[in-house]
Each structure stands twice: as structure tokens, then as C-alpha cells.
Amino acid sequence: MAAYEDQHVHQVYDKIAEHFSATRYKPWPIVHEFLTTLPPGSVGVDVGCGNGKYLNVNPNVFIVGSDRCENLVKIAKDQAPTQDVATADILSQPHRPSSFDFALSIAVIHHLSSPERRVEAIASILELLKPAGEGRALLYVWALEQKNSRRGWDENSEQDVLVPWVLTKQFKEPAKKAGSSEPPGTVESEEGADSEESKPFLRYYHLYKKGELEENVESAGGKVLKSGYEKDNWWAIVERAS
Amino acid sequence: MKLLTANFLSCAVKACKSSPLSFPLHFREAELASKSVPYNPLLLSNLLPRLDWQALVTSSKELGFTLPDAKPELPLRSTTTTTTTANDDGDMNMDGGIGGGVSDEEEKTLRMLHKVLMETEVVEGKMVCGSCGFEYGIHQTVGNFLLPSHLV
């Protein structure tokens with residue numbers, strides 16, 4: 001399982017980091033609201049922080065962003081000088097248990113390739129939180145139900161899929177053209193622009209069905225405070241059950 | 001890596017989580033740099049109660065400087081009082097200051113915390129677990145906490 005994720009998640013992000021980052025700059029509204037309503041001085045983790053686009057949303061909280069992909073972590077560090085980052089794995093987090101006011105994990109848990117590992121990932125996030133009432137986490141995963149997206153999946157589609165990412169020309173190795181006028185991918189796009197010469201990278205996803213995220217949270221020893229659907233994703237605000 | 005961050009890091013090895021020796025991780029061969037970042041007293045005042053001061057004193061010593069033995073005391077600040085204070089003073093606090101009502105002593109403490117917690121960066125070095133002895137590398141200010149497969 002770990003080796004599979006290494007090939008179909010970690011290695012892919014390492015290769016597409018720069019292009020991926022250029023398509024990720026606009027915070028989702030629910031994430032924005034979660035972050036801006038935190039009391040000043042709150043300390044949190046962003047598990048799977050990617051390029052760090054959520055680290056600067058609220059300057060009055062402190063966030064340690066972590067990601068498995070070192071190239072993305074470096075981008076995040078440069079973008080968020082008042083916050084901090086670390087290269088770390090969601091299942092082996094380098095943090096003190098029960099010490100955080102909040103946690104974020106946006107578009108990460110769906111990359112783990114078995115139900116047991118997804119539940120373990122959620123448990124490892126819950127473990128970092130202060131007890132119920134003091135610490136909470138926002139989790140976001142890709143939904144199976146996205147009939148209106150251009151991927152067109154619905155509730156009868158296959159849940160475990162490989163999704164291609166095609167690098168647009170200017171992000172391809174080895175040499176980038178300096179001052180290229182080609183625009184980067186769009187915000188909604190999960191793939192770069194199509195090009196016959198482009199080589200797709202396949203990323204593994206488990207697409208969540210309605211209710212499945214909540215079930216996973218409960219199995220992990222958590223309690224769902226609020227949950228919903230936003231633009232092709234399921235989300236839940238959770239705390240420790242006990 | 002900021003010194004503030006070290007206050008929230010412990011060994012990634014699961015067997016070490018229950019050991020008090022796994023926190024804080026110990027700095028070795030650290031190269032430091034000072035990196036200027038915006039001063040945010042609202043954040044600092046409210047962060048202070050969340051810090052493990054003894055661990056911070058230990059980490060600071062390892063990096064070659066001394067902090068007071070006891071955690072300084074600062075009144076908590078809220079965004080509401082900040083606004084009120086700012087209006088009373090006619091001070092817009094564009095630099096993120098918390099307005100009037102801050103004594104010289106408090107200002108001095110806040111500046112000290114800012115420098116230590118926010119502006120001190122470990123650029124290169126190692127962090128070592130006091131329980132299992134595993135060494136985590138810090139390179140170009142980023143700590144790497146990925147474990148070899150036999151420790152996962």
C-alpha cells in the first residue's frame with residue numbers, strides 16, 4: 001500500500017509540484033471561513049499543505065504546514081514567511097499529541113489507498129488536537145458525486161481511480177523557457193492543458209461517496225460537528241469523540 | 001525552521017510518542033539566520049499561553065542564547081479591544097501593532113518574543129530525539145521528518 005502510494009501519489013507530486021502549485025492559489029470558501037473565525041494566537045497544523053495556499057489566510061494564527069512532497073514544502077516555505085513548514089508523512093507526524101487548537105487536511109486523505117489507511121490518517125490528525133471543545137479539524141476530500149464536473153463521475157462510478165495530470169509545456173523538465181507567455185492551468189482544472197507531446201502523470205484517488213467521510217471519522221474516534229458538499233468535494237468539521 | 005515550530009515538534013516514531021524524552025527534539029550542529037518578518041503583537045500575546053516555556057528554554061540554550069527561566073506574563077489581547085484602543089488613540093496600527101495600553105515592559109517582552117520565536121531560523125542542522133536517538137535533518141530551513149521504512 002505504502003509503495004503504491006509512493007508511485008501514484010508522492011512521486012507524481014514531486015514531478016508536478018511547480019505546475020500544480022501554479023494552479024492552486026485561490027482558497028475554497030469553507031476553508032477560508034474556518035480559518036478566519038479562529039481566535040488570535042491559535043496554533044494549528046495543515047496536514048498535506050501542498051504549496052501552502054492556506055498558510056497566509058489568517059495572519060493572527062500560527063500554522064505548521066506539512067507535506068510528503070519536499071518540492072511543494074519548499075514552495076510553501078517561501079510563500080509564508082510568518083508560518084512554518086516541515087516535510088512529513090500523514091501517518092507518522094512529528095508533532096506533540098493533544099497540542100493543537102486546529103488542523104486542516106484539504107484534499108489529502110483521498111490519496112491513501114485502503115479504507116484502513118484512510119481511517120488511520122484521520123485518527124493521526126485527531127490525535128494532534130486538544131480535547132473535544134478545544135480543538136477541531138476541517139477535512140476535505142474529493143467526491144464521487146460530481147456529475148456536473150467535466151469528469152462527470154456519479155454515484156455509480158468506480159471509487160478508486162487514477163487521474164492523469166498533464167504537464168503544460170513550460171513546466172516540463174529539463175529546461176523551463178524563461179519568460180514564457182503561456183498561461184498556467186486554471187483553478188478548476190485537475191489536469192494541465194492537453195498536448196500530444198505531454199506525458200500524463202497518474203495520481204491515485206479514492207472518491208468519497210455521500211456519508212463515507214463521516215463514517216471514516218467515527219471509525220477513527222472522532223465526532224462530526226458539521227459536514228457538507230462544496231464544489232465536487234465532501235467536507236467535515238470534526239473533533240475528538242472523547 | 002523557526003524556534004516557535006520546535007515547540008510543537010516531537011519524534012515521528014510512534015513508539016516515542018509516550019516518552020517525555022521525545023519532546024523537545026534536540027538541536028545539533030545548527031546554523032542560524034535572522035529573517036525579518038512582520039511584527040504581530042496580537043498573535044504573540046495570545047500564543048504565549050500555548051508555549052511550553054521549559055522546552056523553549058532548552059531549545060534556545062542548544063542554539064546558544066538564554067531566555068528567562070520563567071514564562072513572561074502578558075495580558076491576552078482580543079481583536080475587539082485592539083480596534084477600540086486603536087480608535088481611541090487615532091492610531092491605525094498599519095504595522096499590526098496593538099495600539100495603546102502596552103507598557104514599555106510589555107513592548108520589550110513582545111519584541112523579544114518576536115525576535116526569538118518568529119525571526120530566528122535554523123537554516124541547516126539536525127534535530128535529535130532524546131528517546132530513540134533518530135536524527136532529523138534540517139536543510140535550507142526545512143526539517144525533514146520522513147522516516148525510513150523500518151521505523152514506520
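In what follows, every chain begins at residue 1, and chains take the letters A, B, ... in the order their sequences are listed.
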Can you check whether anything in residues 139-152 of chain B gets within less than 4.5 Å of chain A, heavy-atom wise, and list it by number? B:Q140, B:T141, B:V142, B:G143, B:N144, B:F145, B:L146, B:L147, B:V152
Are B:E121 and A:K77 close enough that some pair of their side-chain heavy atoms sits under 4.5 Å apart? yes
Top contributor to chain B interface from A:A2, A:P39, A:S42 [non-hydrogen pairs under 4.5 Å]: A:S42
Does NZ belonging to B:K108 count more than 12 external heavy atoms closer than 6.0 Å? no
Of all heavy-atom pairs linking B:L47 and A:G41, the shortest is CD2-O, 3.7 Å
When rounded to the nearest 0.5 Å, the distance separating CZ of B:R50 from CZ of A:F62 is 12.5 Å
Other residues, nucleotides and ligands only: do more than 12 of their heavy atoms fall within 6.0 Å of CZ on A:R118? yes
Output the option from A:T87, A:T82, A:L128, A:V43 having the highest count of non-hydrogen pairs under 4.5 Å with chain B. A:T87
When rounded to the nearest 0.5 angstrom, what is the spacing between CG in B:L51 and OG in A:S99? 11.5 Å
How about B:K115: does its NZ atom have over 12 heavy atoms from other parts shown lying under 6.0 Å from it? no
Inter-residue atom distance A:N60.CG - B:L44.CG, 0.5 Å rounding: 10.0 Å
Could you list the donor-acceptor pairs under 3.5 angstrom formed between side-chain atoms of residues 102-112 of chain A and any protein atom two or more places apart in sequence or on another chain?
residue : atom : partner : partner atom : Å
A:S105  : OG   : A:V47   : O            : 3.1
A:H110  : ND1  : A:W142  : N            : 2.9
A:H110  : NE2  : A:A107  : O            : 3.2
A:H111  : ND1  : A:Y204  : O            : 2.8
A:H111  : NE2  : A:Y13   : OH           : 2.8

Using non-hydrogen atoms only, which part of A:V45 is less than 4.5 Å away from chain B: side chain, backbone, both, or neither? neither
Proximal to chain A - members of residues 125-137 of chain B, heavy-atom separation under 4.5 Å: none
Show me the donor-acceptor pairs within less than 3.5 Å that the side chains of residues 89-97 of chain A make with the rest of the protein, sequence neighbours left out.
residue : atom : partner : partner atom : Å
A:D89   : OD1  : A:L91   : N            : 2.8
A:D89   : OD2  : A:R68   : NE           : 2.8
A:Q93   : NE2  : A:I90   : O            : 3.1
A:Q93   : NE2  : A:S124  : OG           : 3.3
A:H95   : ND1  : B:F8    : O            : 3.0
A:R96   : NE   : B:N7    : O            : 3.4
A:R96   : NH2  : B:N7    : O            : 3.0

Reported CG-to-CG distance for the pair B:N46 and A:L38, which is rounded to 0.5 angstrom: 12.5 Å
Inspect the surroundings of CD in B:E107 and state if more than 12 heavy atoms from other residues, nucleotides or ligands are less than 6.0 Å away. yes
Measure the spacing between OG1 of B:T5 and CD1 of A:I63 and express it to the nearest 0.5 Å. 11.5 Å
Above 12 or not: heavy atoms from other molecules or residues under 6.0 Å from NZ of A:K223? no
Is any NZ, NE, NH1 or NH2 atom of the basic residue among A:E127 and B:K14 found under 4.0 Å from an Asp or Glu carboxylate oxygen of the other? no
